[in-house]
Protein chains: 2
Amino acid sequence: MKPSAPARESADVTERLRDAITRGQLMPNERLIEADLAQSFGVNRANIRMALAMLDQEGLVVREPNRGARVRAVSEAEAGEIADTRLAIEGMVARRAAERATAADRKALRAIERGMRRAVEQADYAAFSQCNAALHREIQRIAGNETANRILQTLKTHLVRLQYRVIMLPGRPKSSLREHAAIVDAICAGDADAAEAAMRRHLQNFKDLLKQAIEAARLGGF
Amino acid sequence: MKPSAPARESADVTERLRDAITRGQLMPNERLIEADLAQSFGVNRANIRMALAMLDQEGLVVREPNRGARVRAVSEAEAGEIADTRLAIEGMVARRAAERATAADRKALRAIERGMRRAVEQADYAAFSQCNAALHREIQRIAGNETANRILQTLKTHLVRLQYRVIMLPGRPKSSLREHAAIVDAICAGDADAAEAAMRRHLQNFKDLLKQAIEAARLGGF
DNA sequence: GTTATCACGATTGTCAACAATATCGTTAAT
DNA sequence: ATTAACGATATTGTTGACAATCGTGATAAC
């Protein structure tokens, strides 16, 4: 059995195009020519057109009338905006998670936290990154706000190109682990205020480090 | 001179369709048949198709493969989610506004506040509603977070169908005025924490009243 | 040498016809 | 009477062709 019937090619194409952009296969400001994309994806131009329209709405590409579409470049200022917005939403999400977490939920959070600690001890960056994502995802699931989750998803999509720099910063995994532990503690204690505050601190640090990383990269080569 | 060259019909159509949905001319769960819409809007089906894809991404319609599009109905639970998310973002926005407001900005806020007070004294609901929107818009402008503003715009679009009920509640304009005054005071004082807290209180009240209004409507006929 | 004009190629926007799929009522079988 | 199979109709999805527009380079005017 298939996972879910696409039956409509454009949905699939949109996802593939989105991936190509977020994975950096298509560079910022690069022109996206419908005919070329149609050929390289092996689909009709109408599908590409549809995908571009949706990704435009999503903010991943910009389209100018009669002048085509380009991959949207997120400026440093915009990265800050995105990080602020994410911080606000995910703070609320952590709060709700603290209010709603069941015993099973708490157990799941602790398990991910243990995995994270193990990854730090073994200096396994890939595993750490994965646990990081899993933890945030789990908190979102517990909070159960689909609207917020959808928005967070697109915001993270915009940051994904930049954030790998932060993980690589010296000492970051260890401090990140501390921050995450504080979040999990607060949620498991059912302390909504503390959960929101901890999440905010975590994402504020992330934002600051992201800014540093971008600046360093800008001055130091690219 | 024109305001800005559309030159592309689909952008215009998208806006018109969005308006038709938010203004209630197209009811929730109503099927949106491409051919019909194309005829009634006087455009090609491809444009309608494009518009539906974008509004789907925006969350205003849902599309199922080979089964067409319908106006998305926001459930009571979802209205709560939207209100929560809005609260989180707009709290952050108020905080930033407090940090960034110039003397001119403060003057503009005070002017809108005066207009609001006048509207309440004269029991002019339309004017009040307009000042309400203007005040929130002005705060967003001052904060200068375009990412957040875009998201707030779409979230409000989803609530617009419901929120008129709240304004009509007895005594609401007066309490709303108090809440707004507190927000303006905090922003003008440059007190970021107070501004966020005041905005949160305001939107939390809004959320609670919205829930009440929806419940009352559900029990009392519609 | 600089600027204006024009024609051409590349690309996007529009359109109508066709194919594929779902919906719904009818009929037939049990 | 209930269910299953079937076919007609409505609707969406796909495709290719055509029209409109933009960028660019060549040419001409000054």
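Chain A is the first sequence line, chain B the second, and so forth, proteins listed ahead of strands; every chain is numbered from 1. Values in this document were obtained by computation on a predicted structure and should not be read as measured data. What's counted below: heavy atoms across the whole structure, side chains too, no hydrogens, waters or symmetry copies.
- Rounded to whole Å, atom C1' of dG13(D) lies 10 Å from atom CZ of Arg63(B).
- One atom, CG of Asp12(B), and another, P of dT14(C), lie 11 Å apart when rounded to the nearest Å.
- In this structure, the CD atom of Glu34(A) is 16 Å from the P atom of dT21(D), given to the nearest Å.
- Near DNA chain D, defined here as any heavy-atom distance below 4.0 Å, the residues from residues 36-55 of chain B are Arg45(B), Arg49(B), listed numerically.
- Residue contacts for Arg31(B): at a heavy-atom cut-off of 4.0 Å it reaches the sugar-phosphate backbone alone, with no base atom in range.
- When the side chain to side chain contact (heavy atoms under 4.5 Å, CB included) test is applied to Ala134(A), the partners found at least two apart in sequence or on another chain are Ile112(A), Arg137(A).
- The nearest whole Å value for the distance from the CD atom in Glu64(A) to the P atom in dG13(C) is 11 Å.
- Across the protein-nucleic acid pair, Asn66(A) atom CG and dA20(D) atom P stand 12 Å apart, rounded to whole Å.
- Electrostatic pairing of Arg141(A) and Asp105(A) counts as a salt bridge here, judged by a charged N lying under 4.0 Å from a carboxylate O.
- With sequence neighbours left out, Ala195(A) forms a side chain to side chain contact (heavy atoms under 4.5 Å, CB included) with Ala94(A), Ala98(A), Ala186(A), Ile187(A).
- Gln204(B) and Asp208(B) share a side-chain donor-acceptor pair at under 3.5 Å.
- Using a cut-off of 4.0 Å between Lys/Arg side-chain N and Asp/Glu carboxylate O, Arg200(B) and Glu196(B) are scored as salt-bridged.
- Note on Arg106(A) versus Glu113(A): no salt bridge recorded, every NZ/NE/NH1/NH2 to OD/OE distance being 4.0 Å or above.
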